[in-house]
Amino acid sequence: MQSLKETIESRLSPLWGAITAAIVALYGFWPGIFFYNEFVVKAKDGMGWLPFLIFGFLGFAFVVAIGSYLLGGLFCLMENMAARIGISLALVLVFWTQHGVPHPFVLAMILLCAVSGYFQVRKAREGASDRDEFFNE
């Protein structure tokens, strides 16, 4: 039986890997928005930047790590393309209604995450096919 990681690597296309990475990165900036408002905006002498940087980075990493497996696994289980597109659009619209359109710097970071996700899934998919070919010989 394959693990969740191996299932995602072998069944998720690079395009959906990029979409997954973009959506997860979008939601990864949510803790940064929260911690910015809590630490930097409410701080009096500029001492909120250090906790913001620490907790914002940890929050981003946690959301991306957990969200990648959940959303990637969900996209692997779903065969219906319309349902995948609907879930993707719903997740983006929910974020945008709550927080608005992100800053252009954040959008650039999301684009970098999407490109990285595309190439990672493509490489993992090639590795999975090589592994299957090796064990089937």
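No experiment lies behind these values; they were computed from the predicted model shown. We number each residue from 1, following the sequence as shown.
- Under the 4.5 Å side-chain heavy-atom criterion for Ile, Leu, Val, Met, Phe, Trp and Tyr, V92 and V94 are members of the same hydrophobic cluster.
- Take I54 and apply the side-chain contact (heavy atoms from CB on, under 4.5 Å) test, not counting sequence neighbours, and it matches L50, L58.
- One distance of note links CD of Q98 with CG of L93; it measures 11.5 Å at 0.5 Å rounding.
- To the nearest 0.5 angstrom, F35 atom CZ is 7.5 Å from W30 atom CH2.
- Checked by atom type and distance alone, the side chain of S68 never pairs as donor or acceptor with a backbone atom of A65 at under 3.5 Å.
- Hydrophobic clustering (ILVMFWY, side-chain heavy atoms < 4.5 Å, transitive): V24 and L74 are in one cluster.
- Identified under the salt bridge (charged side-chain N to carboxylate O under 4.0 Å, His left out) test for residues 78-103, with sequence neighbours left out: R11-E79.
- Counting all heavy atoms, side chain and backbone alike, F55 lies closest to F39 at CD1-CE1, 3.7 Å.
- The distance from the OG1 atom of T20 to the CG atom of L71 is 4.5 Å, given to the nearest 0.5 Å.
- Taking the side-chain contact (heavy atoms from CB on, under 4.5 Å) definition, one finds that V41 meets it with Y36, N37, sequence neighbours left out.
- A donor-acceptor contact shorter than 3.5 Å links the side chain of R125 to the backbone of L12.
- Within the structure, ring-ring contact (aromatic ring centres under 6.0 Å, His included) pairs that include any residue of residues 72-97 comprise W16-F75, Y27-F95, F95-H99 (at least two apart or interchain).
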Can I get a per-line list of side-chain donor-acceptor pairs under 3.5 Å for residues 100-117, giving both atom names and the distance, sequence neighbours left out?
residue	atom	partner	partner atom	Å
H103	ND1	F105	N	3.0

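- Hydrophobic clustering (side-chain heavy atoms under 4.5 Å, transitive across Ile, Leu, Val, Met, Phe, Trp, Tyr) keeps F34 apart from V64.
- Taking every heavy atom of both residues into account, P31 and V63 meet most closely at CG-CG2, 3.8 Å.
- Applying the salt bridge (Lys or Arg N to Asp or Glu O under 4.0 Å) rule to E133 yields no partners; only residues at least two apart in sequence or on another chain are considered.
- Contact between Y118 and A18 at its shortest, heavy atoms only, is CB-CB, 3.8 Å.
- Remark: I87 CD1 to I85 CD1 distance equals 11.0 Å, nearest 0.5 Å.
- I19 and S88 make their closest contact through CG2-OG, 3.8 Å (heavy atoms, listed as atom of the first residue, atom of the second, distance).
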